[in-house]
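Written below as structure tokens is the structure these notes are about.
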Number of protein chains: 2
Amino acid sequence: MDINKAKDVFRRSGIKFSQQRLQIFLLLNNKNEPISADDIYLELIKGESNNINISTVYRILGLFTKKGLVLKSNLNIDGKATFEINHRDHRHHLICIQCGKIVPISGCPLKEYERSLIKKTNYLILEHNLEIRGICPECQKIRESKDIGI
Amino acid sequence: MDINKAKDVFRRSGIKFSQQRLQIFLLLNNKNEPISADDIYLELIKGESNNINISTVYRILGLFTKKGLVLKSNLNIDGKATFEINHRDHRHHLICIQCGKIVPISGCPLKEYERSLIKKTNYLILEHNLEIRGICPECQKIRESKDIGI
DNA sequence: ACGCACTTGCAAATTAATTGCATTTGCGTT
DNA sequence: AACGCAAATGCAATTAATTTGCAAGTGCGT
């Protein structure tokens, strides 16, 4: 994702361009895991020339969310809300409860199920979220070597 | 769920009995949807003789969660964490985005999928959460009568 | 370069959640 | 049934996340 592409997305979404919006948008595009407002802020202020305020981060995330560019993840990381780019390809995550690593998983196992749910409940199903938690291969090795029970 | 049953659960979980714990436990058992600490507090103080403090509510929810009686739902309702009784039968929810109603759905569509995910990723899968959002039949009728697009 | 609406920074306010400490309560023992 | 102690609660104050008001700054069309 480069600057011109970002400007394009902004224009199409009716979002006025600004440096701060650009930076947050690029950062979110380079992450493939949910990130908190505070972490975005910390990443941006450690970047060389770049300055930004935490309230601006919140405001921009709110704007992006309202415009559908960003999803407010239902995954709260110790009390902080997290956000991620709205990959329209409908992505879920696999989260390691040991090291906190989050990896996107491809495909969605719920298409068929939702159809049956519609029949059963008469709800108009619009969206869902799914997070799966477990222990990644690396952390499993560490656990084995320390002989910790689950 | 009556008082003696609750006392039994407490004893088996190593939880000392108290009025406040009882009330929160009974309330959670009568809800079948996630509820925030604040809403629990509000429901309890409007009850006749009953008084409780919001910090006590948080402390008891923390205790119940630690002991596995209660699950901290990943569903945050405008910025507030929510909690629900740990039905060990592994329940998911269907949420109406119009009226906010939450109904539990029976069965879980992910058993088979998790098995395939284990093979593919070598993760040790421990748990997952799934929330499905849509519009309930009643709200659909209201929308139709008002002719609102989605 | 100019002007105006929109955005940002800053500081203060709000709200959720936590904590320290004095008081109260549950419960086993006498 | 009263006693005593550890644990639980209430209260007030604190911390931490998020929001908001307002003055100053910026993007963008003219």
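None of these values were measured; they are calculated from a predicted model. Every chain is numbered from 1, with letters handed out A, B, ... down the list of sequences.
Between the CD1 atom of B:I24 and the C1' atom of D:dG10 there is a distance of 13 Å, given to the nearest Å. Atom CG in B:D39 sits roughly 15 Å away from atom P in C:dT15 (whole-Å rounding). Residue A:Q23 contributes atom CD, which lies 16 Å from atom P of C:dT7 at whole-angstrom precision. The separation between B:I77 atom CD1 and C:dA16 atom P is 13 Å, rounded to whole Å. A:F10 places its CZ atom 11 Å from the P atom of D:dC28, with the value rounded to the nearest Å. In this structure, the CG atom of B:L22 is 14 Å from the C1' atom of D:dA8, given to the nearest Å. One can place CD1 of A:I60 at 8 Å from C1' of C:dT8, the figure rounded to the nearest angstrom. Remark: C1' of D:dA17 and CG of A:L42 are 13 Å apart, rounded to the nearest angstrom.
For the pair A:K7 and A:F17, the cation sits on the ring face: its NZ or CZ lies under 6.0 Å from the ring centre, inside 45° of the axis.
Between B:E33 and B:K101 there is no salt bridge, since no side-chain nitrogen of the basic residue lies less than 4.0 Å from a carboxylate oxygen of the acidic one. Contact check on A:E43 versus A:K31 returns a salt bridge, with a Lys/Arg side-chain nitrogen under 4.0 Å from an Asp/Glu carboxylate oxygen.
Residue order along DNA chain C, read from the 5' end via each residue's closest nucleotide, puts A:T56 first among A:T56 and B:S36.
For A:R21 and C:dC6, the shortest distance from a side-chain N or O to OP1 or OP2 is not below 4.0 Å.
Residues passing the ring pair (Phe, Tyr, Trp, His ring centres under 6.0 Å) test with B:Y58, sequence neighbours excluded: none. Listed by chain and number, the residues in a ring pair (Phe, Tyr, Trp, His ring centres under 6.0 Å) with B:H93 amount to none (sequence neighbours excluded). Residues forming a side-chain contact (heavy atoms from CB on, under 4.5 Å) with B:N122 (at least two apart in sequence, or on another chain): A:P137. Applying the ring pair (Phe, Tyr, Trp, His ring centres under 6.0 Å) test to B:F64 and every residue at least two apart in sequence or in another chain returns B:F10, B:F25.
Using a 3.5 Å distance cut-off with no hydrogens or angles, the side chains of A:D38 and A:S36 do not pair a donor with an acceptor.
Counting any heavy atom pair closer than 4.0 Å across all strands shown, B:A37 reaches no nucleic acid atom.
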Summarise protein proximity over nucleotides 18-30 of chain C in one line of letters, 5' to 3': B for base, S for sugar-phosphate only, - for none, counting protein heavy atoms closer than 4.0 Å. BBB-----SS---
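The CD atom of A:E131 lies 4.5 Å from the CD1 atom of A:I95; values are rounded to the nearest 0.5 Å.
Overall, the helix from C:dA1-D:dT30 to C:dT30-D:dA1 carries an axis bend of 30° between its ends, with five pairs at each end and the value rounded to 10°.
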